[in-house]
Visitor: 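Encoded as structure tokens, here's the structure I'll be asking about.
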Amino acid sequence: MSNDLFARMRGHVLDALRAVVPDLPDDVAQKAEVTPARELAHGDMATNAALVAAKAARQAPAKLAQSILAHLRTLPDVLETQAAGPGFVNIRLRPAALRNVLPVILRAGEAYGDSAAGNGLRVNVEYVSANPTGPMHIGHCRGAVVGDALANLLGKAGYDVTKEYYINDAGAQVTALAWAAYWRYLQAIGTRLDEKTFADEVPGGLQYGGEYLIPIGERLAAEYGATLASPDLGIAAPEAWIDTVRDFTIAAMMQSVRDDLRLLGVTQDVFVSERTLVRDGAVDAAIERLSDNGLVYQGVLEPPKGKTPEDWEPREQLLFRSTRFGDDVDRPLRKSDGSNTYFANDIAYHADKIGRGFPLLIDVWGADHGGYVPRMKAAVQAVSGGTAALEIVLCQIVHVLRGGQPVRMSKRAGSFVTLRDLIDEVGPGTVRFTMLTRKADAQMEFDLEAAVAQTRDNPVFYVQYAHARCRSVLRAAAEMFGVDAVSDAALADVTLDSLEAEPEMAVIRRLVAWPRSVEAAALAREPHRIAFFLYDLAGDFHMLWNRGKDDSTLRFLQADRPAETRARLALVAAVAVVIRSGLAVMGVEPVEEMR
């Protein structure tokens with residue numbers, strides 16, 4: 001039996017529809033939903049089934065609603081039903097049906113809320129994928145948290161998820177990085193060459209000057225001594241050393257990236273190298289596939305209106321017919337000098353993911369890449385023949401504040417706040433939870449003082465405090481009844497009839513909605529909904545706690561009322577389980593007590 005009361009009720013609603021429409025179309029059935037009622041006065045649940053199925057049933061929505069009402073009224077869990085609006089049906093459940101979810105939660109543990117919505121569909125979630133040219137910074141942090149939480153959420157909702165990082169280790173940026181690392185190497189071996197003279201010899205100038213490259217220069221010196229700077233291997237002959245320095249530096253920077261992400265609790269399953277794809281001919285193969293399908297041609301693009309993009313050239317280029325797939329203009333695949341565009345490499349990378357058996361690709365990007373979305377979706381549709389889908393989650397910028405004022409930049413990085421700085425300041429759990437308190441595409445301010453404040457206005461504290469309170473009650477109960485008597489397994493068997501006060505039922509209703517909330521958040525690709533749910537659950541629990549201060553009959557522990565106490569302990573334990581389940585999706589460790 002499903003642990004989702006909403007899913008079970010939806011099954012009953014579909015049974016009612018099929019009694020009227022035996023051959024109910026699948027697309028109609030999928031649109032029929034059972035959701036929490038907007039207001040308690042309306043009931044516990046509501047369904048739009050009569051509205052979405054009226055055409056298939058060839059009945060007015062109001063008439064079909066009456067058929068659904070009649071069927072639902074026969075169910076033992078349903079207390080009453082009521083038609084509402086043009087085809088909606090409100091459902092109120094018997095309190096016992098709601099209370100019966102508590103033992104389900106306690107037996108399932110953190111698996112409560114697991115869903116089969118994804119039906120085992122393989123999905124590749126690619127996130128962070130920062131150029132390995134500097135330390136992880138606050139901009140990367142949001143994408144890392146959103147991507148990781150989304151992958152966790154999809155896994156809980158029944159998808160087969162692979163977490164992936166794309167290493168952008170080809171092109172001019174990593175060449176510039178190699179030159180910068182070489183300069184730090186020259187410093188490490190004691191060269192007398194001054195920085196300006198060296199920078200004048202560097203194609204495009206010395207672009208990366210942060211102190212984070214000093215240790216890499218020292219490690220190069222330890223590994224190679226002065227051999228990379230001998231007379232015939234100096235800056236005048238970079239072809240003799242640049243591959244060695246670039247490979248060494250990229251490896252060191254990627255280790256730093258992995259270390260920083262690990263501190264944040266992010267560990268990806270797969271790392272894919274752009275340079276390896278290019279070297280192995282993946283780009284040429286992708287272009288050939290497009291060409292075989294008549295989607296590539298030589299042409300000259302019209303100059304774009306407004307700001308001219310970097311990949312536009314007023315000469316003949318190899319172009320992809322992306323306008324066939326909804327893009328506004330065709331896109332260059334190769335420049336006039338024959339080199340690949342970044343877009344061509346990205347097509348090859350996504351073709352590689354498709355070739356590894358992923359019908360669903362989800363990329364988490366910074367919002368500044370929003371203009372890149374239509375062409376990339378067009379490319380995925382083209383290279384997959386329409387068999388794969390690409391979804392993009394855009395993350396807006398984060399402003400770091402302290403007491404409302406912008407935070408001073410990091411000395412180590414040279415120009416930005418690093419991820420490690422942020423973690424050292426407030427801790428990984430606080431970073432992750434805070435990053436999920438806003439929708440990904442909304443700009444946010446991360447105030448360091450507010451993130452550690454012990455107030456209701458701080459969602460991190462508010463949710464963790466609710467869990468700590470639950471654990472405190474259970475520890476006290478263990479002293480009263482014994483540890484075995486207050487285990488989740490033991491509490492799953494207690495009598496729950498005494499749980500009838502409205503503050504208690506409010507908490508139970510919230511717990512009932514957890515599986516539905518997981519599924520809805522996963523289908524919407526919005527992990528921030530989990531943070532919102534936990535905050536609301538914490539609010540319901542804190543309210544019940546405070547009511548117990550004013551009304552002794554609502555206190556959790558009452559030595560002279562053991563049956564009622566055990567019932568309330570079951571409720572408390574279930575709250576703790578669901579909070580842990582939600583925090584696990586967010587990648588945040590629950591706390592046992594607040595200090």
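The analysis underlying the following values was restricted to heavy atoms, covering all of them including side chains, and did not include hydrogens, waters or symmetry mates.
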Visitor: Should the pair Lys353-Asp363 be classified as a salt bridge under the 4.0 Å nitrogen-to-oxygen rule?
Guide: yes
Visitor: Hey, does Met435 have a side-chain heavy atom less than 4.5 Å from the side chain of Leu422?
Guide: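 When only atoms from C-beta onward are counted, Met435 and Leu422 do touch, with a gap below 4.5 Å.
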Visitor: The test is side chain to side chain contact (heavy atoms under 4.5 Å, CB included); show your working for Lys163 and Val270 and say whether it passes.
Guide: CA-CA 6 Å; Lys163 302 178 179 182; Val270 177; over 6 Å; no
Visitor: I need the minimum non-hydrogen distance between Asp346 and Tyr166, along with the two atoms involved.
Guide: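 Between these two residues, the closest heavy atoms are OD1-CE2, 3.7 Å.
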Visitor: What residue among Arg142, Met444, Arg438 forms side chain to side chain contact (heavy atoms under 4.5 Å, CB included) with Gln396?
Guide: Arg142
Visitor: Check whether the ring centres of Tyr165 and Tyr127 lie less than 6.0 Å apart, and answer yes or no.
Guide: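 For Tyr165 and Tyr127, the ring centres are not under 6.0 Å apart.
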Visitor: So, does Ser517 use its side chain to make a donor-acceptor pair with the main chain of Phe533 at under 3.5 Å?
Guide: no
Visitor: Give, for atom CG of Leu264 and atom SG of Cys141, the distance between the pair rounded to the nearest 0.5 Å.
Guide: 5.0 Å
Visitor: Quick one: does Asp169's side chain have a donor or acceptor within less than 3.5 Å of a partner on Glu274's backbone?
Guide: yes
Visitor: Within a strict 4.5 Å, meaning less than it, do heavy atoms of the Leu319 and Leu333 side chains meet?
Guide: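 No, side chains not in contact.
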Visitor: Look only at the side chain of Asp327 and the backbone of Pro374, and say whether a donor-acceptor pair between them is shorter than 3.5 Å.
Guide: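 Not a single qualifying donor-acceptor pair exists.
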Visitor: Indicate the atoms forming the closest heavy-atom contact of Pro527 with Leu153, along with that distance.
Guide: CA-CD2, 3.9 Å
Visitor: Take Glu519 and Phe6 through the side chain to side chain contact (heavy atoms under 4.5 Å, CB included) test and state the conclusion after the steps.
Guide: CA-CA 11 Å; Glu519 185 171 311; Phe6 282 87; over 6 Å; no
Visitor: Determine whether a donor-acceptor pair (N or O, by modelled atom type, separation under 3.5 Å) exists between the side chain of Asp243 and the backbone of Glu239.
Guide: no
Visitor: Hey, mind stepping through Ile347 and Tyr342 against side chain to side chain contact (heavy atoms under 4.5 Å, CB included) and telling me if it holds?
Guide: CA-CA 9 Å; Ile347 293 175; Tyr342 288 119; over 6 Å; no
Visitor: Hey, are the side chains of Phe271 and Met254 touching, using non-hydrogen atoms and a 4.5 Å cut-off?
Guide: yes
Visitor: Quick check against the 3.5 Å criterion: does Ser581 have a side-chain atom that pairs as donor or acceptor with the backbone of Glu110?
Guide: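 Yes; judged by distance alone, with no hydrogens or angles, the pair exists.
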Visitor: Between Arg432 (side chain) and Met586 (backbone), is there a donor-acceptor pair under 3.5 Å?
Guide: yes
Visitor: Under 4.0 Å between a side-chain nitrogen and a carboxylate oxygen: does that hold for Arg529 and Glu526?
Guide: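 So Arg529 pairs with Glu526 through a salt bridge.
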Visitor: Around atom NE2 of His369, are there more than 12 heavy atoms of other residues, nucleotides or ligands at under 6.0 Å?
Guide: no
Visitor: Over 60° means perpendicular and under 30° means parallel, so tell me whether Phe325 and Phe320 are parallel, tilted or perpendicular.
Guide: parallel
Visitor: When you look at Gln255 and Asp259, which way does the side-chain hydrogen bond (donor to acceptor under 3.5 Å, both in side chains) test go after all the steps?
Guide: CA-CA 6 Å; Gln255 186 58 53; Asp259 291 344; 2.9 Å; yes
Visitor: With heavy-atom distances below 4.5 Å as the criterion, would you say the side chains of Leu583 and Glu589 are in contact?
Guide: no
Visitor: Could you tell me if the side chain of Tyr224 sits less than 4.5 Å from the side chain of Thr244, heavy atoms only?
Guide: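 Yes; the side chains approach each other to less than 4.5 Å.
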Visitor: Among all residues two or more places apart in sequence or in another chain, which pass the ring pair (Phe, Tyr, Trp, His ring centres under 6.0 Å) test with His350?
Guide: none
Visitor: Are Lys439 and His528 side-chain neighbours, meaning at least one heavy-atom pair lies under 4.5 Å?
Guide: yes
Visitor: Which heavy atom in Ala229 sits nearest to a heavy atom in Ile189, and how many Å separate them?
Guide: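 Closest pair (atom of Ala229, atom of Ile189, distance): CB-CD1, 3.7 Å.
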Visitor: Do Val245 and Leu220 have side chains that get closer than 4.5 Å, going by heavy atoms?
Guide: yes
Visitor: One pair to check against side chain to side chain contact (heavy atoms under 4.5 Å, CB included): Glu445 and Val400. What are the steps and the verdict?
Guide: CA-CA 6 Å; Glu445 295 180 342; Val400 182; over 6 Å; no
Visitor: Between Glu126 and Ser129, is any side-chain donor less than 3.5 angstrom from a side-chain acceptor?
Guide: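 Glu126 vs Ser129: donor-acceptor pair found between side chains.
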Visitor: If you look at every heavy atom in Ala522 and Ala157, which pair is closest and at what distance?
Guide: CB-CB, 3.4 Å
Visitor: Do the two ring centres, one from Tyr182 and one from Tyr185, sit under 6.0 Å apart?
Guide: yes
Visitor: Could you tell me whether Arg402 and Glu449 make a salt bridge, using a distance below 4.0 angstrom between a side-chain N and a carboxylate O?
Guide: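 The answer is no: the pair does not qualify as a salt bridge.
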Visitor: State whether the side chain of Trp183 and the backbone N or O of Leu206 hold a donor-acceptor pair below 3.5 Å, judged by distance alone.
Guide: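 Side chain of Trp183 to backbone of Leu206, a donor-acceptor pair under 3.5 Å: no, none is there.
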Visitor: Do the charged groups of Asp330 and Arg321 touch, with an N to O distance under 4.0 Å?
Guide: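 No, Asp330 and Arg321 are not salt-bridged.
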Visitor: Could you tell me whether Arg275 and Asp247 make a salt bridge, using a distance below 4.0 angstrom between a side-chain N and a carboxylate O?
Guide: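 Looking at Asp247 together with Arg275, the answer is yes, because their closest N to O distance falls below 4.0 Å.
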Visitor: Do you know which two heavy atoms are closest between Val585 and Asn152, and how far apart they sit?
Guide: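 Residues Val585 and Asn152, closest heavy atoms: O-ND2, 3.1 Å.
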Visitor: Would you call Lys31 and Asp26 a salt bridge, taking side-chain N to carboxylate O under 4.0 Å as the test?
Guide: no
Visitor: Flag the pair Asp200 and Lys196 as a salt bridge only when some basic side-chain nitrogen lies within less than 4.0 angstrom of an acidic carboxylate oxygen.
Guide: yes
Visitor: How close do Leu537 and Val578 get, counting heavy atoms only, and between which atoms?
Guide: CD2-CG1, 3.8 Å
Visitor: Let me confirm one number: the OG1-CZ distance from Thr434 to Phe446, rounded to the nearest 0.5 Å.
Guide: 4.0 Å
Visitor: Looking at Arg525 and Glu391, does any basic side-chain N land under 4.0 Å from a carboxylate oxygen?
Guide: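 Between Glu391 and Arg525 there is a salt bridge, with a charged N closer than 4.0 Å to a carboxylate O.
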Visitor: Can any side-chain N or O of Arg122 pair as donor or acceptor with the backbone N or O of Arg356 at less than 3.5 Å?
Guide: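 Indeed, once roles are kept as given, a pair shorter than 3.5 Å links the two residues.
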Visitor: Considering only heavy atoms from C-beta outward, does the side chain of Val463 approach that of Val588 to under 4.5 Å?
Guide: no
Visitor: For the backbone of Asn345 and the side chain of Asn340, can you confirm whether one donor and one acceptor N or O come within less than 3.5 Å of each other?
Guide: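 No; zero donor-acceptor contacts below 3.5 Å.
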Visitor: Is a donor on one side and an acceptor on the other found under 3.5 Å between the side chain of Tyr212 and the backbone of Thr133?
Guide: yes
